Amino acid sequence: MREKAEVLLKSVLGSEAYFRDGQWEAIEALVKKRQRTLVVQRTGWGKSLVYFMATRLLREQGAGTTILVSPLLSLMRNQIDAARTWGLSAETINSTNPHDHARIESDLLANKIDLLLISPERLANDKFQQSVWPRLKQLTGLMVIDEAHCISDWGHDFRPNYRRIMRILDEIPATTPVLGTTATANDRVVADVGEILGAGMNIQRGPLTRDSLRLYVYPEPMEAAERLTLLSHLMKHIRGSGIIYCTTTRDCQQVADWLQAEGFNAKAYYADVESNTEETRVDLENQLQNNQVKALVASVALGMGFDKPDLHFVIHYQQPGNIISYYQQIGRAGRGIDEAHIILMHGPGDEDIQNYFIETAFPRPEQVEETVSAIDDLQTATRSQIQQRVNIRYSTLEKILTHLEVEDIIEKQGSTYQLCGQNRTLDYARWGLVTQQRYDELAQMRSYIQHDDCLMRFIASALDDPTPAKTCGRCKNCLHSQSKFQPDISAVEAARHFLRGGKPITLEARKRWPSGLPGIVKTTSLRPNEPGIALCQYYESGWGEQVRQARMASAPYSDDVIAAAVTILRDYLRGLKVPPTWIAPVPSLRRPQPVPQLAQRLAQALRLEYCPAVTHVQQHLAQGTMRNSYQQAQNVLDAFAVDGPLPKGPVLLVDDLADSKWTLTVIGDLLQQRGVARVYPFVLASVNASGGD
């Protein structure tokens, strides 16, 4: 069998190809011994070769289809192409190809497909489970759980839907081999995944150090403007193409815009990039693959599975949350070349973002109990009905419902949920332990940044690398190297100016009332505002920082902020067919002065009439404490009124901050009820530009 496998290997990868240490052993465990196997190997080792080769050999023996559970669409696209080079008939069922599902499902049950790539969510889909899985589970020749660390809530990228795989693994025949693969698992995650995948798991671990990676860390925090100038310097001096990782979508956009302004072909890449640009994630990935861009400035959406052998650099603009995810991201580089540059910089506030991610990773127990209680009271409940009773974000509710479903506490029927009748509770104590581990991992990341010994050995130790860790001889500390970069004062000032003069943010209008609001008969009765704009994001560098400082101090906004607002408003107004003729401020009983003062100064500069037509008739809870659209809309629904005669023409409705946009929406509706034809919102800062929760 090995001889046959080696012939196949050379026919696909070339006459010089050979099995790396551990590859054949994993293939043999699956094909010959039919074992459940967990492979933990560094990125670029060739884990996909194991399951492609095993699939070929098993199919030649008459085995059924390989089911490959994969977490990301981008990962699926790469794997489909790779599988076909191995002569495999490969298909995928996901949200992007609904018209192909019926044909693929028919071919699956007819045993015409060698390998099916599917997400855990799709595998657990009610329709798939009812119409396909009962027969397919008996025909499965190999079950592969790619990125298996996602199964474990100790893993850096835990996904509750992966827990559904536990139930599915119990349903396939005991003789069906199972393979889990990951590059990012320490001892605790390995043990947890091994327990989940089955007793007697064959665990194979290899060394995780990468000879081609040159690790460099800037230990001191740098403000955003300094990091931008450093990026420009690095792009001039590092050859080839690579990835620059940022924490937020806005940072991806901002850094890409800066590099483009500096003359580099860099593009932003994030989960919903298609909604903001004409290019898709596939387009952008292909451009990087073909070296048509210098860099993709990416969120973590570009990570697992992206395979470019000649990726020359990975740079982190901000501090990652833990060593494990950091290793997974830097592992994109240096797979087929002798040297790749790995650079980490960080700035003030980076840990605040990571702390937020940690704090919101698991729902709070009281939120879970309130959700269960609401479902119990209603007997059958939709998401909308639950949110009317429980003040939680939509994203938090999704997490709660997923956890409750996976643990068989609730069941979904169509669009409603009901209790299963079992008196079970979630393991809150385990959640607490995992959360504490996340804080410990963040502290470990901080230690890595300040570490003065071998950086690669630090990473290997953090990952519980089973092989003795030697000094790498290539990292910053091993070479005792120091950066020659000295930021030019004028260049840093130019970067600061850029951060304050970026593109305005569009505020899309809300077009429907949440269902169930008291006194609202039809959700479509809402009179929507026109699309508006914001000067900046509230939590970004540049103007966002100035807005935050002024709000916290309850101080008037500076002349610089007003001038910047006037500049972008002039451009915005010039693009309107029917521009506003007057300005109205959003009133506040808590902070009565700042917004009217802001609106008056804008009216004077733009030569528009100022009219404080809106009054705040009753104090309500702080809108920032409301967590979903129903709660936010209800909180301000009767809080405002429009008084007196109004000036003629459209209005520019001014506030300093927008999060959910329901305050702007409610006031805009009131103004239009009074005959105002168009309402154009403007705010200094947007907390949530997408207008979600």
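In this text the structure is predicted, and so the values were computed from the model without any measurement.
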Discussion item. I'd like to know if the side chain of N265 reaches the main chain of Q292, judged simply by a donor and an acceptor atom lying under 3.5 Å from each other, with no hydrogens or angles considered.
Written reply: yes
Worksheet item: Is a salt bridge present between D310 and K308, judged by a nitrogen-to-oxygen distance below 4.0 Å?
Response: yes
Fill in: side chain to side chain contact (heavy atoms under 4.5 Å, CB included) partner of H149, the single match among V189, V40, T181
V189
Practice prompt. Report the C-alpha distance between I145 and L179 in whole Å, list the side-chain angles of each, state the deciding distance to 0.1 Å, and finish with yes or no for side-chain contact (heavy atoms from CB on, under 4.5 Å).
Written response: CA-CA 6 Å; I145 316 300; L179 171 66; over 6 Å; no
Item to complete: Look at the aromatic rings of F362 and H403 and report parallel, tilted or perpendicular, splitting at 30° and 60°.
Response: tilted
Discussion item. Test your reading of the model: is there a side-chain donor-acceptor pair from S447 to the backbone of A443, 3.5 Å cut-off?
Written reply: yes
Worksheet item: Does any N or O in the side chain of Q354 come within less than 3.5 Å of the main-chain N or O of L442, such that one atom is a donor and the other an acceptor?
Response: no
Worksheet item: Would a distance-only check, ignoring hydrogens and angles, find a side-chain to backbone donor-acceptor pair under 3.5 Å from T360 to Y356?
Response: yes
Worksheet item: Between E545 and E540, is there a donor-acceptor pair closer than 3.5 Å when you use the side chain of the first and the backbone of the second?
Response: no
Fill in: Backbone N/O of D21 and side chain of W45: donor-acceptor pair under 3.5 Å
yes
Fill in: Verdict with reasoning, Y317 to M345, per side-chain contact (heavy atoms from CB on, under 4.5 Å)
CA-CA 5 Å; Y317 179 72; M345 57 184 80; 4.3 Å; yes
Worksheet entry | Within-4.5 Å side-chain heavy-atom neighbours: H312 and R239 | yes
Discussion item. Can you give me the closest heavy-atom contact between F313 and A295, atom names plus distance?
Written reply: CZ-CB, 4.0 Å
Worksheet item: Hey, are the side chains of V297 and K267 touching, using non-hydrogen atoms and a 4.5 Å cut-off?
Response: no
Worksheet item: In terms of side-chain heavy atoms, does Q79 have a donor or acceptor partner in D146 at a distance below 3.5 Å?
Response: yes
Item to complete: Please identify each residue that fulfils ring pair (Phe, Tyr, Trp, His ring centres under 6.0 Å) with H451, with sequence neighbours left out.
Response: F458
Fill in: Side-chain donor-acceptor pair present, Y218, S483, cut-off under 3.5 Å
yes
Worksheet entry | Nearest-0.5 Å distance, CD of residue Q329 to CG of residue L344 | 10.5 Å
Practice prompt. Side-chain contact test, heavy atoms from C-beta onward, threshold under 4.5 Å: evaluate it for Y394 versus E398 and give yes or no.
Written response: yes
Worksheet item: Are D153 and R438 within salt-bridge range, i.e. N to O under 4.0 Å?
Response: no
Practice prompt. For the pair D192 and R430, find out whether any cationic side-chain nitrogen is under 4.0 Å from an anionic carboxylate oxygen.
Written response: yes
Fill in: Exercise: do S232 and E262 side chains pair donor with acceptor under 3.5 Å
yes
Practice prompt. Would you check if E226 and L230 make a side-chain contact, meaning some heavy-atom pair closer than 4.5 Å?
Written response: no
Practice prompt. Write down the atom of A361, the atom of K399, and the distance for their closest heavy-atom approach.
Written response: O-NZ, 3.5 Å
Worksheet entry | Residue pair K476 / P219: nearest heavy atoms and the distance that separates them | NZ-CD, 3.4 Å
Discussion item. When you measure from the side chain of R210 to the backbone of A333, do you find a donor-acceptor pair of N or O atoms at a distance under 3.5 Å?
Written reply: yes
Worksheet item: Between the side chains of S558 and D560, does any donor sit under 3.5 Å from an acceptor?
Response: no
Practice prompt. Supply the atom-to-atom distance N322 CG to Y448 OH, rounded to the nearest 0.5 angstrom.
Written response: 13.0 Å
Worksheet item: Is there side-chain contact between S541 and Q546, with at least one heavy-atom pair below 4.5 Å?
Response: no
Item to complete: Please name the pair of heavy atoms, one in D187 and one in D464, separated by the smallest distance, quoted to 0.1 Å.
Response: N-OD2, 2.7 Å
Discussion item. Which heavy atom of S152 sits nearest to which heavy atom of V193, and what is that distance?
Written reply: CB-CG2, 4.0 Å
Worksheet entry | Carboxylate-amine/guanidinium contact E339 R214, below 4.0 Å | yes
Practice prompt. Determine, for E351 against R446, whether the closest basic-nitrogen to carboxylate-oxygen distance falls under 4.0 angstrom.
Written response: yes
Worksheet entry | From CA spacing to verdict: side-chain contact (heavy atoms from CB on, under 4.5 Å), L197, I151 | CA-CA 9 Å; L197 295 185; I151 292 178; 3.7 Å; yes
Worksheet item: Between Q318 and D251, do the side chains contain an N or O donor and an N or O acceptor separated by less than 3.5 Å?
Response: yes
Worksheet item: Does the side chain of N276 pick up a donor-acceptor pair with the side chain of Y270 at under 3.5 Å?
Response: yes
Practice prompt. May I ask you to decide if A225's main-chain N or O and R496's side chain share a donor-acceptor pair within less than 3.5 Å?
Written response: no
Worksheet entry | Y539 atom OH, over 12 foreign heavy atoms within 6.0 Å | no
Worksheet item: Should I459 and Y326 count as side-chain neighbours, where that means a heavy-atom distance under 4.5 Å?
Response: yes
Worksheet item: Between R474 (side chain) and T471 (backbone), is there a donor-acceptor pair under 3.5 Å?
Response: no
Fill in: D257-Q253 side chain donor-acceptor pair, cut-off 3.5 Å
no
Worksheet item: So, do S241 and L288 sit near enough that their side-chain heavy atoms are less than 4.5 Å apart?
Response: yes
Item to complete: Say whether E441 and Q437, considering side chains only, have a donor N or O and an acceptor N or O under 3.5 Å apart.
Response: yes
Item to complete: Starting at CG of D352, measure out to CZ of F357 and round the result to the nearest 0.5 Å.
Response: 11.5 Å
Fill in: Given L455, V217, I330, the one that forms side chain to side chain contact (heavy atoms under 4.5 Å, CB included) with I342
I330
Item to complete: For D465 and A460, indicate whether the former's side chain and the latter's backbone hold a donor-acceptor pair under 3.5 Å.
Response: no
Worksheet item: Do other residues, nucleotides or ligands put more than 12 heavy atoms under 6.0 Å from the CG atom of D338?
Response: no
Worksheet item: Going from CH2 on W258 to CG on L231, what distance comes out if it is rounded to the nearest 0.5 angstrom?
Response: 9.5 Å
Discussion item. For E278, I'd like to know if atom CD has over 12 heavy atoms of other residues, nucleotides or ligands within 6.0 Å.
Written reply: no
Item to complete: On the 0 to 90° scale, with breaks at 30° and 60°, tag the H233-H237 ring pair as parallel, tilted or perpendicular.
Response: tilted
Worksheet item: CG of D659 to CG of L657: how many Å apart, nearest 0.5 Å?
Response: 7.0 Å
Practice prompt. Mind checking the CZ-CG spacing from R332 to D307? Nearest 0.5 Å is all I need.
Written response: 7.5 Å
Item to complete: Indicate whether the side chain of Q41 and that of Q23 have a donor and an acceptor atom separated by less than 3.5 Å.
Response: no
Discussion item. Could you check whether any side-chain heavy atom of R42 comes within less than 4.5 Å of a side-chain heavy atom of L208, counting everything from C-beta outward?
Written reply: yes
Worksheet item: Taking atom types as modelled, is there a side-chain donor on R548 or Y538 under 3.5 Å from an acceptor on the other?
Response: no
Worksheet item: R627 and T396: side-chain contact (heavy atoms from CB on, under 4.5 Å), yes or no, with the steps?
Response: CA-CA 9 Å; R627 302 303 181 196; T396 304; over 6 Å; no
Discussion item. Tell me the closest heavy-atom pair linking V39 and A26, and the distance in Å.
Written reply: CG2-CB, 3.9 Å
Item to complete: Go through E279 and Q287 one step at a time and tell me if the side-chain hydrogen bond (donor to acceptor under 3.5 Å, both in side chains) criterion holds.
Response: CA-CA 10 Å; E279 293 180 303; Q287 289 174 38; 2.7 Å; yes
